[in-house]
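Comments concern the structure below.
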Amino acid sequence: MSDPVLSIVVGTFDRRRQIEECLESIRRETRRPHIVYVTDAGSTDGTVAYLESVRGDTVRPILVGEKRGQARAYNDVFRQVQTPYVCWISDDNVIVDGGLDRAVAVLERDPRIGMVALKVRDESGPFVDAPYIGGLSALGILNVNQGVLPTKVLRQVGGFSEVMRDYGIDPDLTAKVLFAGYDVVYSRRVAIRHHRNWSLDPGAPETQALRARQERSLDLYQARYGGVLAPSLAFEAKRRAYRLLVKALGRRWRVNSGQAVLGQLPRDWHNIFNGRFISLDEPNRIARIT
């Protein structure tokens, strides 16, 4: 086997069926030599036995046996990585359309890019109507839910924030890569199908606990980055133009429509106009590099 160029880090806990589907999709869709590290937080549903059964040169289980929070669990694995590129995904992700190979190819072509966001589409949960997920922060930074980075960049920015612990680690890492002077790009095509394990009942205890963790992460993010970026007239002009466009179109404008407008989905235009680090020429630039 050729020397691996990509390390894929996956965290799991009591999702035996989903981690199997995830690993199978990596094997099926990824041609570049790679290593998959699976960190398990103490599963009791047969996941550990399954991981031991597939242990080998390309799949390396790390049986932690306790919940340490996503940030610490992933960071512990990141320190072991020796490949040029590293990726983090979740056990409820399914890789499609050669997504990891395409992301590595982008990074190899352009050293100015510090991270390629793997475009994610939900297969279940409250966001199934969206063509892909990824929200803009209050600072106008488009979040990367799962991504591929040069390992040296990941180490330069210090990996995930363990203060954030679980929710909020992805937006924080996105911001750190951007503020380190690198570009962040989204894959043009969906690279991950996501089986979101969220309750649809807003009154369910797990939903309320999730919301509380998310609100905490937003507070931490705002405290860390709220005063970092100077006011930008160009950014404000873009956002104002978008609001006027939406008002003019009225009900004809559906941000999650799958129908392209001038070559881009409405959600693409939403992100282009409301993203601080996204230029109006971004579609042409992304087409050139991806």
Side-chain angles (χ1 to χ4, degrees), residues 97 113 115-147 167-168 170-175 177-179 183-194 196 198 200 202 207 210-211 214-215 217-219 221-290:
D97 200 17
I113 297 174
M115 181 156 58
V116 175
L118 301 168
K119 191 172 283 185
V120 179
R121 177 156 191 171
D122 275 7
E123 297 290 292
S124 58
F127 309 122
V128 291
D129 291 336
Y132 60 90
I133 62 172
L136 285 158
S137 76
L139 306 181
I141 297 176
L142 183 60
N143 178 43
V144 176
N145 295 95
Q146 270 79 40
Y167 291 95
D170 305 334
D172 179 76
L173 182 61
T174 308
V177 172
L178 285 168
F179 294 152
D183 291 340
V184 174
V185 301
Y186 257 62
S187 61
R188 280 191 291 165
R189 302 197 295 272
V190 169
I192 290 176
R193 299 285 181 174
H194 181 208
R196 188 178 293 274
W198 283 12
L200 295 178
T207 303
L210 174 65
R211 185 176 294 113
Q214 288 179 318
E215 289 175 355
S217 72
L218 288 173
D219 290 341
Y221 181 91
Q222 187 63 30
R224 178 170 295 181
Y225 299 112
V228 172
L229 294 171
S232 168
L233 293 178
F235 175 47
E236 291 304 324
K238 279 203 311 173
R239 295 206 296 181
R240 191 176 303 111
Y242 180 78
R243 291 194 294 269
L244 292 173
L245 173 66
V246 172
K247 183 177 180 179
L249 291 173
R251 293 184 179 180
R252 289 176 293 170
W253 183 258
R254 294 174 52 241
V255 71
N256 285 327
S257 170
Q259 184 69 39
V261 178
L262 298 177
Q264 303 297 321
L265 294 176
R267 179 158 289 277
D268 296 332
W269 288 121
H270 171 273
N271 292 335
I272 289 167
F273 277 92
N274 293 285
R276 180 184 288 264
F277 291 88
I278 306 175
S279 70
L280 293 176
D281 186 51
E282 197 73 5
N284 293 326
R285 177 174 176 271
I286 296 303
R288 290 195 297 270
I289 64 176
T290 63

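Computed from a predicted model, the values in this text were never measured in an experiment.
Counting only distance, with no hydrogens or angles, the side chain of Asp172 and the backbone of Gly168 share no donor-acceptor pair below 3.5 Å. Formation of a donor-acceptor pair under 3.5 Å by the Lys238 side chain with backbone atoms of Leu280 is not found in this model. Looking only at distances, no side-chain donor or acceptor of Ser187 sits under 3.5 Å from a matching main-chain atom of Leu118.
The two residues Ser279 and Ile272 come nearest to each other via the heavy atoms O-CG2, 3.7 Å. Smallest separation of non-hydrogen atoms from Asn145 and Tyr186: OD1-OH, 4.3 Å. Annotation for Leu139 and Gly226: closest pair CD2-CA, 4.2 Å, computed over non-hydrogen atoms. Minimum heavy-atom separation, Ala230 to Arg276: O-NH1, 3.1 Å. Of all non-hydrogen atoms in Ile141 and Ala175, the two that sit nearest each other are CD1-CB, 4.2 Å.
If you take CD on Gln259 and CG on Leu265, they are separated by 9.0 Å, rounding to the nearest 0.5 Å. To the nearest 0.5 Å, atom CD1 of residue Ile192 and atom CG of residue Asp122 are 11.0 Å apart. Note: Ile278 CD1 to Leu142 CG = 5.0 Å, rounded to the nearest 0.5 Å.
Residues Val120 and Phe127 form no side-chain contact, since every pair of their non-hydrogen atoms from C-beta on lies 4.5 Å or further apart. Between Val184 and Phe277 there is no side-chain heavy-atom pair separated by less than 4.5 Å.
With sequence neighbours excluded, no residue satisfies salt bridge (charged side-chain N to carboxylate O under 4.0 Å, His left out) with Asp170. Remark: Arg254 pairs with Ser257 by the side-chain contact (heavy atoms from CB on, under 4.5 Å) rule, at least two apart or across chains. Contacts of Asp97 classified as salt bridge (charged side-chain N to carboxylate O under 4.0 Å, His left out), with partners at least two apart in sequence or in another chain: Arg102, Arg189. Shown here are the ring pair (Phe, Tyr, Trp, His ring centres under 6.0 Å) partners of Phe179, two or more places apart in sequence or in another chain: Tyr225. Residues forming a side-chain contact (heavy atoms from CB on, under 4.5 Å) with Val190 (at least two apart in sequence, or on another chain): Val96, Lys119, Arg121, Arg193. Under the side-chain contact (heavy atoms from CB on, under 4.5 Å) criterion, Glu215 pairs with Arg211, sequence neighbours left out. Residues forming a side-chain hydrogen bond (donor to acceptor under 3.5 Å, both in side chains) with Asn256 (at least two apart in sequence, or on another chain): Arg267.
Under the side-chain hydrogen bond (donor to acceptor under 3.5 Å, both in side chains) criterion, the residue pairs touching residues 131-143 are Tyr132-Asp268, Tyr132-Asn271, Ser137-Tyr221, with sequence neighbours excluded.
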Show me the donor-acceptor pairs, under 3.5 Å and distance only, between side chains in residues 241-250 and residues at least two apart or in other chains.
unit_1: Tyr242; atom_1: OH; unit_2: Trp253; atom_2: NE1; d: 3.2

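Counting non-hydrogen atoms of other residues, nucleotides and ligands closer than 6.0 Å to CG of Asp219 gives a total above 12.
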- prompt: side chain to side chain contact (heavy atoms under 4.5 Å, CB included) between Leu229 and Phe235: does it pass, once the steps are laid out?
  reply: CA-CA 11 Å; Leu229 294 171; Phe235 175 47; over 6 Å; no

